[in-house]
Amino acid sequence: MKQCLLFGDSATDPQGEVPAVIDTGIVSELSFDIEATGRDPLSDTIVGIALCKEKGKSYYVPVRHNGPCNIQEALSILMPVLEDPAVAKIGHNLKYDMLLLRQEGIHVRGRLYDTMVASYLLNPIKPDHSLQDVAVEHLAHKKRPFAEVLGKRASFAEVPVEEATQYAAEDAELAMELKDMLFDKLQSSGLERIYFEIEMPLIYVLADMEEAGIKINKERTEELSKELDRELEELRSRVYRLAGSTFNINSPSQLGKVLFDDLGLKPMKKTKTGFSTSMDVLEELSKSHELPREILNYRSFYKLKTTYTDTLPKLINPRTGRIHTSFNQTVTSTGRLSSSDPNLQNIPIRGEWGTKIREIFIADEGNVLVSADYSQIELRILAHMSEDESLVDAFKNSIDIHARTASEIFGVPLDAVTPDMRRAAKVVNFGIVYGMSAYGLSEALSITPKEAAVYIENYFNKHAGVKRFMEHTIQTARQDAFVTTLLGRIRPLPEITSTNAAVRQQADRLAVNTPIQGTAADLIKIAMVRISKALQARNLSARMLLQIHDELLFEVPEKELNETLELISVEMEAALDLSVPLKVEIGWGKNWAEAH
DNA sequence: GCCGTCACG
DNA sequence: ACGTACGTGACGGCA
C-alpha cells in the first residue's frame, strides 16, 4: 500500500516539470543514498532536504520554503530514514547537515561517507575543499555558485522553489558522484582505514562536542575586561610619557617611527612593510630603553582583552547559555584539527593572566571539568618511529627525558644536571622535532651558533637512531614527493625537489616534522573515537568538550567521576600500541585552570 | 584583503 | 650561499 507524504506536491522533482509526489516507498528506496542539504548558511536553519537516489533521480523536500508545507510532518517522515543506522549517509560536510538536523530533533545515525573529508585525506594541502572546488577537480563539473542562486535575497527560503530544487538537487547529485570517485582513490592510496576507522566515526564525536559547547562565567569575564582596561590605561600613559608623544600603540608603523626615528633605537629586523617591532626585537631593545618593555606589556594585555575577555561573553549562545566552537576537520596539512569561531585551542595558559582566563571556563552544576593530556607525545612518537635505543630506553624506564638530554648534551652525570641545563635541553628536544638549525637554536637559547652546533652534535652522537630516522625520512620523501604518518595519512611535499635551496630545506623540515605531528594527530583522534564509544557502552554521561592537540577536556558528573577518569586514561593510553608506553596526565576541578 | 603580531600545542 | 623551528586562528591597522 502506497502512502503519500502529507506535504504532497511540495516535494519537487528537479528533472520533471511536474512536482513529484514523494511517498514513503520512494524514501525507503533512497536507503543507501541520502544527502541532507538544501541548507541555508545565512540563518543556520534547514530550508529543505535534497535526496539523491541515483544520477538523474533527485528530490527536494522544501521544509521551510514559503508555502503550505508542514515542517513537522515533513521531518517526521524523513526522520526514520535519517535515524536508521542501517542507512548510510552520503554528503559533503556532513557534520554541518547533522548539526542542523539536530536542531530539528533529528539524530542522524549510520555509516557516513563524507566527500569533503575524502578530498582532504587525498590532498591535505589543498586550500579549498568546498563542494564547488572538489567537483571541479574530480568531476570537472562547474557547479552554480550559491551566491548567484541567492542573488539579493536575504535567505535561501526566498529562492523560488523550482530554482531551489535545481540547486539543492545538484548538490546531492554531486556528492553521490564524488562518493564513488573519491572512494576508489582512497582505496588506491591506502587511506581506507583512516577514513572509515578514524575520520568518519570522528564526525559524530566532533558534532557532539560542538553541540555540547562549554560554559563560561560571564560576570567574571566582564570583571576581567574592566581590570584589563585599568591596566591598559596606566600602560598607555606610561608609554606616551616615555615616548614623549601620543600615538596609536597598536600601529606597528607609528610605533616604528617612535622607536627608530624619535628615540633613535637601532632597528634589527625588517618586515615587508617596515622595521619589525615583534616580540623578540622589543625584547632585545628593552636592554637599552624602558619603552620597549612597556610596549610588550601593553600588547599582551591588549591581546588578552580584545581576543578573549571582550569577545567570549558575546559568543554565549542564548539558547544553550554556552560557547560553541567549530572543529575543522579539513584544514591542516598534518592531520590535526583546528578550532574557530571562536578558536578554543589557543586559550591563554601561561602566567597569572593565563590562570585567570582559564578560570572562566567552568563546569555546569553537579559536574567537574576533567583535563587529560598526553605527556611528551611527540617525543614518544619520535622514539617509536626512529627506534632510537636511548630514547626508547628512557621512556620505557620513565626517565625524565629533558634531564637525560641535558646530561647528554652537556656531558655531565644525570644528578649534576641543573635547572638551567634542563631548560636548554627541553628547547633542544623540541627543536629536533622541528628540524631546527644551529642558528635557530642559538637564537632560542641566546647563545652563539657555535655553542648551539656543539649541543646538536652531542645530541646526535647519543641518538644515532634519531639521525638515521631523519635522514631516511628525507630520502624517502625525496623519492615519493610525500610523507606518511604511522597510520598512513599522507602529506604531499611538492617542494622537496625544488632547486631553490631555501625552499627545499623547508620541505626537508616538513618531511621530518609531519610524520611526528601527524601521528600524534591520528593517535588522539583514535582516542576520541574510543572514548566516545566506551562512554556510551558504559552508560556514562560525561561529555567531551574540547580537543587541544594533545589534551582532551571533558565535563563529567561528579557522581561518575572515578569511573570516568579511569575510562579516559585507559582508552587514551591504549589508543596505539607503540614500542614505548603512552602516558596520560589527568586532573579535574570546577574550572579549566583547576583541572589542569 | 593583506600584513604584522601574538595566543595556543 | 641559501635562510634559519612545525602547526594553527583572531585581532587591529592600513590601503
Derivation of the salt bridge (Lys or Arg N to Asp or Glu O under 4.0 Å) call for A:Lys356 and A:Glu352 = CA-CA 6 Å; A:Lys356 286 184 183 187; A:Glu352 176 198 346; 3.7 Å; yes

task = Just do the side chain to side chain contact (heavy atoms under 4.5 Å, CB included) check on A:Phe430 and A:Leu379 with the steps written out, would you?
result = CA-CA 8 Å; A:Phe430 276 106; A:Leu379 285 177; over 6 Å; no

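Here the P atom of nucleotide B:dG9 and the CD atom of A:Gln547 are 12 Å apart, to the nearest Å. Atom C1' of nucleotide C:dG7 and atom CE of A:Met436 are separated by 15 Å, given to the nearest angstrom. In this structure, CG of A:Asp508 is placed 12 Å from P of C:dC6, rounded to the nearest angstrom. Across the protein-nucleic acid pair, A:Asn343 atom CG and C:dG7 atom P stand 17 Å apart, rounded to whole Å. C:dT4 atom P lies 15 Å from atom CZ of A:Arg504, rounded to whole Å.
Taking atom P in both C:dC2 and B:dC6, one finds a spacing of 28 Å when rounded to whole Å.
Between the base of B:dC6 and the side chain of A:Lys303 there is a donor-acceptor pair shorter than 3.5 Å. For a distance-only test at 3.5 Å, the side chain of A:Ser437 qualifies as a donor-acceptor partner of the base of C:dT4. Not a single donor-acceptor pair, N or O on each side, falls under 3.5 Å between the base of B:dC8 and the side chain of A:Gln345.
Under 4.0 Å is where a charged nitrogen must lie from a carboxylate oxygen, and between A:Lys126 and A:Asp133 at least one such pair does. A salt bridge does not link A:Glu233 to A:Arg230: none of the charged nitrogens lies less than 4.0 Å from a carboxylate oxygen.
Comparing C:dG13, C:dC6, B:dG9 by their closest approach to the side chain of A:Ile349 singles out B:dG9.
A stem is defined here as three or more consecutive Watson-Crick or G-U pairs, each with both distances under 3.5 Å; for DNA chain B these stems are B:1-9 with C:6-14.
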Please output the side-chain donor-acceptor pairs of residues 469-476 of chain A that fall under 3.5 Å, not counting sequence neighbours, one pair per line with the distance.
{"residue": "A:Thr473", "atom": "OG1", "partner": "A:Phe469", "partner atom": "O", "Å": "2.6"}
{"residue": "A:Thr476", "atom": "OG1", "partner": "A:His472", "partner atom": "O", "Å": "2.7"}

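Taking side-chain N and O atoms only, A:Ser300 has no distance below 4.0 Å to OP1 or OP2 of B:dT5.
Counted by atom type alone, A:Asp341 and A:Thr325 present zero donor-acceptor pairs between their side chains at under 3.5 Å.
As judged by a 4.0 angstrom heavy-atom cut-off over every strand, A:Asn500 is placed among residues making no nucleic acid contact.
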